[in-house]
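Counting starts at 1 for both ligands and their atoms, in listed order.
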Amino acid sequence: MNACIRAITRTAVYRDLHVVGYRYGYHGLIAGDCRPLEGRSVSNIIQRGGTILGSSRCEEFETEEGRRKATERLRGSNVDALLVIGGEGSMKGARDLARQWDGQIIGIPGTIDNDLGGTDWTIGFFTALDTALDSIDKIRDTAEAFDRVFLVEVMGRLAGDIALGVGIAGGAEEILIPETPVDIEGVARRVREAKGRGKLSYIIVVAEGFCKGGAIEVAKRLTEITSFTCTPCVLGHTQRGGSPAAYDRILGTRLGVHAVEAALDGATGVMVGQIDGEIALTRFEDLGRKRRAIDPAYWQKINEILRR
Ligand code: F6P
């Protein structure tokens, strides 16, 4: 996100515009908590994880009253355009605000989950992949040395993109995601067969949204069925931090520049994304309907062929 904040700020400065950054997103907007951003304010941040502005889940903004307060703040501060970086909740908030505030609102996709329509990739996804992959590679060493089954839980409440990404890149034997129903008896059978063929490590990547209880629950059931030691490992919030991957910095930069340009062109009520390498503007209302770049059926099939 910092690469994006930097790009927005410097493009705006280049275009003789004034920028303020709201702290903790919609929280800051409701409270009027913001700081001016200039070229120098965003120096030396492109390599930093997190966001210099802070982030939050703002329940108040989900209410009419919260959005009314935000609208008053925006009017009182003579804001012409609001740029919102975030995931599904942030885009819904932006859509709802656009119905009552007459300024321009442009969304920019930022979530590790990569679960938004209107863009192939969301800012943060590639960094989360690298972080989770690094852990899976390390877990593979223990799994191999101890002849064990490991269940590694990655983030993704509603989407299996992180799990599919690291599952393929890490050579996982199974990838359990919310989009694909899987029969645990079938997984148990494949574990037994693989062990029978002399396979030492067996890594099952589990998206947190796959089932209630996630990897811990699946590990318990698999241990019961197979009587092999099936060890769960929940990677959790490690995936949300760290120095951003090169592609996240490039994506954040590109989307930030185009968000400012889109605002100058008069756009509003849209999210700026990247589809097939091209910049694409999608109406907030249409975000849920757009195709997603990672096709679970396609990658699961490839994984079935490769797990031997
Ligand atoms: O929405 C993005 C996400 O990374 C999810 O994958 C994960 O469930 C969630 O955030 C964790 O958020 P929190 O720290 O608010 O529980």
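Looking at Thr111 next to ligand 1, no N or O pair under 3.5 Å apart turns up.
In summary, of the residues considered (Val84, Asp33, Ile30, Leu29), a side chain to side chain contact (heavy atoms under 4.5 Å, CB included) with Tyr22 occurs for Leu29 alone. Considering Arg140, Lys195, Arg197 as possible partners of Glu173, the one that fulfils the salt bridge (charged side-chain N to carboxylate O under 4.0 Å, His left out) test is Arg140.
Classification of the Tyr26-Phe61 ring pair by plane angle, with boundaries at 30° and 60°, yields parallel.
By the criterion of a heavy-atom distance under 4.0 Å, the side chain of Arg240, and not its backbone, is placed next to ligand 1. If you look at Arg57 next to ligand 1, the close heavy atoms, those under 4.0 Å, all belong to the side chain.
Of all protein heavy atoms, the one lying nearest to atom 8 (O) of ligand 1 is Glu208 OE2, 2.4 Å. Protein heavy atom at the shortest distance from atom 16 (O) of ligand 1 is His237 NE2, 4.0 Å. When only non-hydrogen protein atoms are considered, atom 1 (O) of ligand 1 lies nearest to Arg157 NH2, 2.9 Å.
In summary, the atoms of ligand 1 found under 4.0 Å from a heavy atom of Ile112, numbered by their order in the structure, are 4 (O). The ligand atoms of ligand 1 that sit less than 4.0 angstrom from a heavy atom of Asp113 are 1 (O), 2 (C), 3 (C), 4 (O), 5 (C), 6 (O). The ligand atoms of ligand 1 that sit less than 4.0 angstrom from a heavy atom of Gly156 are 6 (O).
Environment of CD in Glu59: sparse, with no more than 12 heavy atoms of neighbouring residues, nucleotides or ligands closer than 6.0 Å.
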- Pair Thr127-Arg249, side-chain hydrogen bond (donor to acceptor under 3.5 Å, both in side chains): steps then yes or no: CA-CA 9 Å; Thr127 306; Arg249 302 184 198 192; over 6 Å; no
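In summary, Lys69 and Glu60 engage in a salt bridge, as defined by a charged side-chain N under 4.0 Å from a carboxylate O.
Judged by distance alone, the side chains of Gln104 and Thr268 never bring a donor and an acceptor atom under 3.5 Å apart.
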